[in-house]
Q: 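Structure below; questions to follow.
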Amino acid sequence: LGESVEMLGFLFVDDASFVRAPADVEKLLNEDGRSVVKAAHDALGALSTWGTASIEEALRRALVEELGLKPRNAFGPVRVAVTGRTVGLPLFESLPVLGKERTLARVDAALTRLGTAGS
């Protein structure tokens, strides 16, 4: 329970106050990470159904199958862009709770901040 506030905080903070851990940004949102996040944005933005199964399927297809990444390398940059941390709740289950609009806004903000247009 001691870690619950830290683990769940990304769900409750408004986007204007949302902060990513600087060390995690430096580690995972480099040039390679930005290309992963951009591909994730495109895959997630195209979804008509926003649920755990559809999100997982879209991200696995776009990042693992199409980009040929190992899951750890595929989902880490997305997790940092959306949750602000490398460690947290399961990614596929977290995004439906956060919502499509907020998820895509955070991905856009990560890409814009890092110099890559999100849309």
Q: Is a side-chain N or O of R102 found less than 3.5 angstrom from the main chain of L11, in a donor-acceptor match?
A: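 Side chain of R102 to backbone of L11, a donor-acceptor pair under 3.5 Å: yes, one is there.
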Q: Going by the rule salt bridge (charged side-chain N to carboxylate O under 4.0 Å, His left out), which residues pair with E56 if we only count those two or more places apart in sequence or in a different chain?
A: R60
Q: Nearest heavy-atom pair of W50 and G99: which atoms, and what distance?
A: NE1-C, 3.4 Å
Q: Could you give the distance from CZ (R34) to CG (L111), rounded to the nearest 0.5 Å?
A: 9.0 Å
Q: Hey, quick one: are F12 and F10 part of the same hydrophobic cluster, counting side-chain heavy atoms closer than 4.5 Å, chains of contacts allowed?
A: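 F12 and F10: one cluster.
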Q: Output, in order, the C-alpha distance, side-chain angles, deciding distance and verdict of side chain to side chain contact (heavy atoms under 4.5 Å, CB included) for R61 and E66.
A: CA-CA 6 Å; R61 186 176 347 99; E66 293 176 13; 3.6 Å; yes
Q: In Å and rounded to the nearest 0.5 Å, what is the CG to CG distance from L59 to L95?
A: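 Interatomic distance, L59 CG to L95 CG, rounded to 0.5 Å: 7.0 Å.
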Q: Find the distance between CZ (R72) and OG1 (T86) and round it off to the nearest 0.5 Å.
A: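 Answer rounded to 0.5 Å: 9.0 Å.
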Q: How many angstroms lie between NZ in K100 and OG1 in T49, if you round to the nearest 0.5 Å?
A: 8.5 Å
Q: Mind checking the OG1-CG spacing from T103 to L98? Nearest 0.5 Å is all I need.
A: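 Nearest 0.5 Å value for the OG1-CG distance: 4.0 Å.
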Q: Looking at G51 and P96, what are the two nearest heavy atoms and their distance?
A: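 For G51 versus P96, the nearest heavy atoms are C-CG, 3.8 Å.
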Q: Tell me the closest heavy-atom pair linking L67 and V36, and the distance in Å.
A: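 Shortest heavy-atom contact: CD1-CA, 4.5 Å.
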Q: Would you please test L69 and F75 for side chain to side chain contact (heavy atoms under 4.5 Å, CB included) and show each step?
A: CA-CA 9 Å; L69 299 172; F75 306 129; over 6 Å; no
Q: CG/L91 to OG1/T83 distance, rounded to the nearest 0.5 angstrom?
A: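 Output value for this atom pair is 7.5 Å.
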Q: Can you name the nearest heavy-atom pair linking P77 to L29, along with the distance?
A: O-CD2, 3.5 Å
Q: Per the side chain to side chain donor-acceptor pair (under 3.5 Å) rule, what does the pair list look like for residues 10-23, sequence neighbours excluded?
A: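 Listed by first then second residue: D14-S17, D15-R106.
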Q: Write down the atom of V64, the atom of A74, and the distance for their closest heavy-atom approach.
A: CG2-CB, 4.1 Å
Q: Are there more than 12 heavy atoms of other residues, nucleotides or ligands under 6.0 Å from atom CD of E26?
A: no
Q: Check the pair L104 / H41 against side chain to side chain contact (heavy atoms under 4.5 Å, CB included), numbers first and verdict last.
A: CA-CA 7 Å; L104 292 175; H41 177 278; 3.9 Å; yes
Q: Could you please spell out the steps behind the side chain to side chain contact (heavy atoms under 4.5 Å, CB included) verdict for V107 and V82?
A: CA-CA 6 Å; V107 171; V82 176; 3.7 Å; yes
Q: Nearest heavy-atom pair of L63 and A39: which atoms, and what distance?
A: CD2-CB, 3.7 Å
